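Read through the structure below, which is laid out as structure tokens, and then see the notes.
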There are 2 protein chains.
Amino acid sequence: MAIGVKDIATAAGVSLGTVSNVLNHPDRVSPRTRARVEKVMGELGFVPNESARQLRAGRSRTLAYVVLDATNPFFTDVARGVEETLAARDLSLYMCNSDNRADREANYLNRLEEQRVAGILLTPVDPEAPALDKISGRGTPIVIVDRTRIGDTHCSVAVDDVLGGRLALEHLLDRGHERIAFIGGPPSIGQVRDRHAGALAALSDAGLDESNLVRIDTSALSVGEGRQAAQRLAGIPGARRPTAAFCANDLLALGLLQHCVSTGVSVPDDLAIVGFDDIEYAGAAAVPLTSVRQPRLRLGRTAAELLLDEVENPDHKHQQITFTPELVARASTETRAN
Amino acid sequence: MAIGVKDIATAAGVSLGTVSNVLNHPDRVSPRTRARVEKVMGELGFVPNESARQLRAGRSRTLAYVVLDATNPFFTDVARGVEETLAARDLSLYMCNSDNRADREANYLNRLEEQRVAGILLTPVDPEAPALDKISGRGTPIVIVDRTRIGDTHCSVAVDDVLGGRLALEHLLDRGHERIAFIGGPPSIGQVRDRHAGALAALSDAGLDESNLVRIDTSALSVGEGRQAAQRLAGIPGARRPTAAFCANDLLALGLLQHCVSTGVSVPDDLAIVGFDDIEYAGAAAVPLTSVRQPRLRLGRTAAELLLDEVENPDHKHQQITFTPELVARASTETRAN
DNA sequence: ACCGAAACTTGAAACCTTTCAATCCAATGT
DNA sequence: ACATTGGATTGAAAGGTTTCAAGTTTCGGT
């Protein structure tokens, strides 16, 4: 059924090798034969079998980005940065969504390794997972995106999350808040820990006790979890209730905000909110959201460049690149009228 | 360097065929040898070469979803539905982002066909593109998602966009609006045409002239374009300026809304807004957005099921499935106090 | 102990390309 | 005319796996 090089060769009256040359080394073939072969290919609807190609030639022109949550605009923006860089070199990118589940991530990594993709960009569920070493040890380079990993066994690009957390908290402290909720989780996520740590650091720098940061744990960084956190926050007795919330990402912040708006809690008067990531929807929210911005596209572009270097450059050196986040102040933390 | 079945066979003291059987037909192998072979595989870090596998066996365990705009939450929600269905059968999904560009789409389709993926889910830039017929004619099934195509050469799942447009307009007419903007484009997108047609139909059913639907063309369905459309809308002299806007999707509506809020145009009092898709951020917007809801997850699940049927079932029949949209009323169209 | 059947294992062929050393041929220089 | 050159073409081998017909072992029954 399927047309192969052999059929083309027969139909065009040339040898197998010549057909292959037309495909891979057009310069080695005389213009006349090349034209003939290409014509036949068109007529017969020849589609090269990439499996056979790759098996023989060993190379691969596809990379993959295994993303933690494809529905989070932050990651799709990073992906856009990656694609920009890859498209310029005629490489394809497959996106895989681990949905924050280690088993799904492992599954995808496995499949990708079996497929012998040229390289993998990964925002891992657990950056310390030993599987990552195994995979890159066997020859599939992995670049870690938006996370960091202890040691220098991999390239990585990330944002200084501790600093980000600090920025967020300093902003709130500046605005007079002293009792602040930290909403985020699960704590297994290194970023959540880092952002929390940064917040704590800012607090103690300001001479305040750590107990002023009320931790509200969530089981994921999603809008739905944000809404639930809002309920728990509302359940805290008035006197002890925080006047501001720092959310570990914008989805949580949006959920929190949504709940506040619908239950009549005024933002920022009753509760100031700071998010993290500054996704496009943050600025368009019910109350435009103050957020800690990460350079999403640059993150993606840089990650792609590191990966390409690792793929192509024999004396590649691993690099851990850290970008600096930036606080974008909006209405959700405007100083209260008093 | 890389470990192959041959190495495993040697190390475990069995034949090639047996190793293969351990991999593909564990029941044909005695537990004892199986254990031994598996142990060796683990020790040597054997990773099957999927290219070779696929070349020989002909099958493939991956499907792909070529999406129009990975940053639009609508599509990532559809993708989630797809993944749900596929994960249950241990199939992997690769997502590719055509970014609304025909060349990129063609590129991806090409790569996927060369890769011999089992099947493709596609939200095409142009549903009538002849390339689609060619590809499925050569044996890679394609299911069209969120679009329809003339004829029954492919399976498709979509929402009745004409009805959706009608619902949106009826809602606005009910609320007393008579001069309404239709914001969307480019008109090459069939959905935009359909939603517009539905809007027109509702208008004439209500006995109003078509000139009451002011068309504002955009070059894409994005937040940024929504903001630009807002400016054009604002430029229309007061008397002729519409009192309501129906946006071809929620991203446009969010952009429009954002611009209104920041320039002091009151929504819904000065301008009522209806979006389309009802993405998660619609309800969380500055003014919660009235929108026409599409059953995103079901769309994805159903598309995946159709594709699987086409892949697995020899006497598969193409089906064009249409879902019914539903209007979700929120604050952005609340009746004006009068 | 021996038979036959059932359970397991084997080895070679096939999948479709790319690669590369060898061959061919036309054109050039003498 | 003839040797030389160098570009164009060829054909067989190789790449890692699955398949399947054929071969070998094991075991219950007698």
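Computed from heavy atoms alone, side chains included, the values below leave out hydrogens, waters and symmetry copies. Protein chains get the first letters and strands the later ones, always in sequence-line order, with residue 1 at the start of each. Here the structure is a predicted model, which is why all the values come from computation and not from measurement.
One finds no side-chain N or O of B/R56 lying less than 4.0 angstrom from the OP1 or OP2 phosphate oxygen of C/dA14. A sub-4.0 Å separation between OP1 or OP2 of C/dC8 and a side-chain N or O of B/R28 is absent. Look at B/T33 and you'll find a side-chain N or O under 4.0 angstrom from OP1 or OP2 of C/dT9. Listed pair A/N49 / C/dT17 fails the phosphate criterion, with no side-chain N or O lying under 4.0 Å from OP1 or OP2. The side chain of B/S30 places an N or O atom within less than 4.0 Å of a non-bridging phosphate oxygen (OP1 or OP2) of C/dT9. Contact annotation: B/T18 side-chain N/O to C/dT10 OP1/OP2 distance is under 4.0 Å. In this structure, B/H25 reaches the D/dT19 phosphate: one of its side-chain N or O atoms is under 4.0 Å from OP1 or OP2.
Checking B/L23 against A/G13, the closest nucleotide of DNA chain D that is more toward the 5' end is the one next to A/G13. With the nearest nucleotide of DNA chain C identified for both B/L16 and B/L55, B/L16 has the one nearer the 5' end.
Salt bridge annotation for B/D152-B/K317: absent, with no cationic side-chain nitrogen under 4.0 angstrom from a carboxylate oxygen. One finds a salt bridge joining A/E312 and A/R89 here, because a Lys/Arg side-chain nitrogen approaches an Asp/Glu carboxylate oxygen to under 4.0 Å.
Between the CD1 atom of B/I8 and the P atom of D/dT18 there is a distance of 12 Å, rounded to whole Å. One can place CG of B/N21 at 13 Å from C1' of D/dA21, the figure rounded to the nearest angstrom. Distance CZ (A/R53) to C1' (D/dA14): 17 Å, rounded to an integer number of Å. Whole-Å rounding puts the B/R59 CZ to C/dC16 P distance at 15 Å. Atom CG of B/D27 and atom P of C/dA6 are 17 Å apart (whole Å). If you measure from atom CD of A/Q54 to atom P of C/dC16, you get 16 Å, rounded to the nearest angstrom. For B/R116 and C/dC15, the CZ to C1' distance is 12 Å, given to the nearest whole Å. With rounding to whole Å, A/E50 atom CD is found 15 Å from C/dC15 atom C1'.
Closest contact between the side chain of A/F46 and the listed nucleotides D/dG16, D/dT18, C/dT17 involves C/dT17. In this structure, of D/dT17, D/dT9, D/dT19, it is D/dT19 that holds the atom nearest to the side chain of B/A57.
Residue B/V29 is in sugar-phosphate contact alone, with no base atom involved, counting any heavy-atom pair closer than 4.0 Å across all strands shown. Using a 4.0 Å heavy-atom distance criterion, A/G4 is classed as a sugar-phosphate-only contact. Within the nucleic acid shown, B/D7 has no heavy atom closer than 4.0 Å to any nucleic acid atom.
A/T140 is not listed as a side-chain neighbour of A/R116, based on a closest heavy-atom distance of 4.5 Å or more.
In summary, the side chains of B/R111 and A/S92 do present a donor paired with an acceptor at a separation below 3.5 Å, with no hydrogens or angles considered.
In this structure, B/T33 contributes its side chain and B/V29 its backbone to no donor-acceptor pair below 3.5 Å.
Distance check, rounded to the nearest 0.5 Å: CZ of B/R28 to OG of B/S20 gives 9.0 Å.
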